[in-house]
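In what follows, a structure is listed as structure tokens, so that the remarks can point back to it.
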Amino acid sequence: MIFKTIFTIFFLCLFFYGLVRPFSSISSRFFIIFGSILAVLSISGEYYAQIIADFMGIGRAADLYLYLGLITIFLFIAFTINKLDLMNKRISKLIKEIALNEISKTRDDK
């Protein structure tokens, strides 16, 4: 029971951290928020998850876990793609600057 309380407090803090902290992309914010919601739901037990599933119009709590898990995975993939795209753009810019510096250095040497 103590571990359930500790993990619930941890994931609630993570949820509020996701709401308060400024993120560079919206997908990372949603990943933290949906991931912490999914964790709190899975810790809370099936009774409370079933209440939330009924409220949302989903038949079973297991389906709710599945849907939230799929949303979390999608957001993680989107976050990773955004990070890789940003890194590729930075690397391309750096390579162009290095190439221009090398060209100007060889022209100055001649």
Side-chain angles (χ1 to χ4, degrees):
M1 187 67 174
I2 188 79
F3 290 112
K4 187 176 182 179
T5 306
I6 290 171
F7 283 124
T8 302
I9 291 171
F10 173 74
F11 286 117
L12 285 175
C13 290
L14 191 63
F15 174 77
F16 289 118
Y17 173 75
L19 291 176
V20 174
R21 182 184 181 272
F23 287 92
S24 60
S25 69
I26 194 79
S27 61
S28 59
R29 176 182 299 259
F30 284 136
F31 175 71
I32 297 263
I33 290 171
F34 280 118
S36 59
I37 289 171
L38 181 63
V40 169
L41 278 177
S42 54
I43 290 171
S44 68
E46 188 164 331
Y47 175 73
Y48 297 111
Q50 185 62 45
I51 291 172
I52 294 171
D54 290 337
F55 176 74
M56 295 179 74
I58 300 172
R60 300 180 308 156
D63 293 337
L64 177 66
Y65 291 139
L66 177 68
Y67 298 152
L68 288 176
L70 289 173
I71 289 170
T72 305
I73 290 169
F74 172 75
L75 290 174
F76 176 74
I77 291 170
F79 171 72
T80 304
I81 288 172
N82 285 340
K83 283 290 188 182
L84 289 175
D85 189 41
L86 180 64
M87 190 183 322
N88 283 336
K89 287 179 183 177
R90 289 180 179 172
I91 289 172
S92 295
K93 183 179 178 183
L94 183 62
I95 288 172
K96 289 175 187 176
E97 288 179 11
I98 290 172
L100 290 174
N101 285 338
E102 290 293 323
I103 290 172
S104 65
K105 188 188 291 185
T106 56
R107 285 185 182 170
D108 291 341
D109 289 342
K110 289 183 181 181

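Counting only residues at least two apart or on different chains, the ring pair (Phe, Tyr, Trp, His ring centres under 6.0 Å) pairs with a member in residues 53-76 are Phe31-Phe76. Residue pairs satisfying the salt bridge (charged side-chain N to carboxylate O under 4.0 Å, His left out) criterion with at least one member in residues 50-71, sequence neighbours excluded, are listed as follows: Arg60-Asp63.
Tracing side-chain contacts under 4.5 Å through hydrophobic residues (I, L, V, M, F, W, Y), one reaches Phe3 starting from Phe10; they form part of the same cluster. Linking Ile, Leu, Val, Met, Phe, Trp and Tyr residues whenever their side-chain heavy atoms come within less than 4.5 Å leaves Tyr48 and Phe11 in two separate clusters. Taking hydrophobic clusters as Ile, Leu, Val, Met, Phe, Trp and Tyr residues chained together by side-chain heavy-atom distances below 4.5 Å, Ile43 does not share a cluster with Ile9. No single ILVMFWY cluster, assembled from side-chain heavy atoms under 4.5 Å apart, contains both Ile81 and Ile71. Linking ILVMFWY side-chain heavy atoms closer than 4.5 Å, directly or via other members, places Leu38 and Tyr47 in two distinct hydrophobic clusters.
Rounding to the nearest 0.5 angstrom, the gap separating the CD1 atom in Ile52 from the CG atom in Leu68 is 9.0 Å.
Side-chain atoms of Lys93 and Glu97, non-hydrogen and from C-beta on, do get closer than 4.5 Å to each other.
Results of the side chain to side chain contact (heavy atoms under 4.5 Å, CB included) test with Leu14 over Ile33, Ile37, Ile32 single out Ile32 as the only residue that passes. Exactly one of Leu86, Leu94, Asn88 qualifies for a side chain to side chain contact (heavy atoms under 4.5 Å, CB included) with Arg90. That residue is Leu86.
Between Leu64 and Met56 the shortest heavy-atom distance is CD1-SD, 3.9 Å. Smallest separation of non-hydrogen atoms from Ala49 and Ser44: N-OG, 4.4 Å.
Gln50 contributes a side-chain N or O that, together with a main-chain N or O of Gly59, makes up a donor-acceptor pair within less than 3.5 Å.
In this structure, Arg21 places its CZ atom where more than 12 heavy-atom neighbours from other residues, nucleotides or ligands lie under 6.0 Å away. Residue Phe30 places its CZ atom among 12 or fewer non-hydrogen atoms of other residues, nucleotides or ligands, all under 6.0 Å distant.
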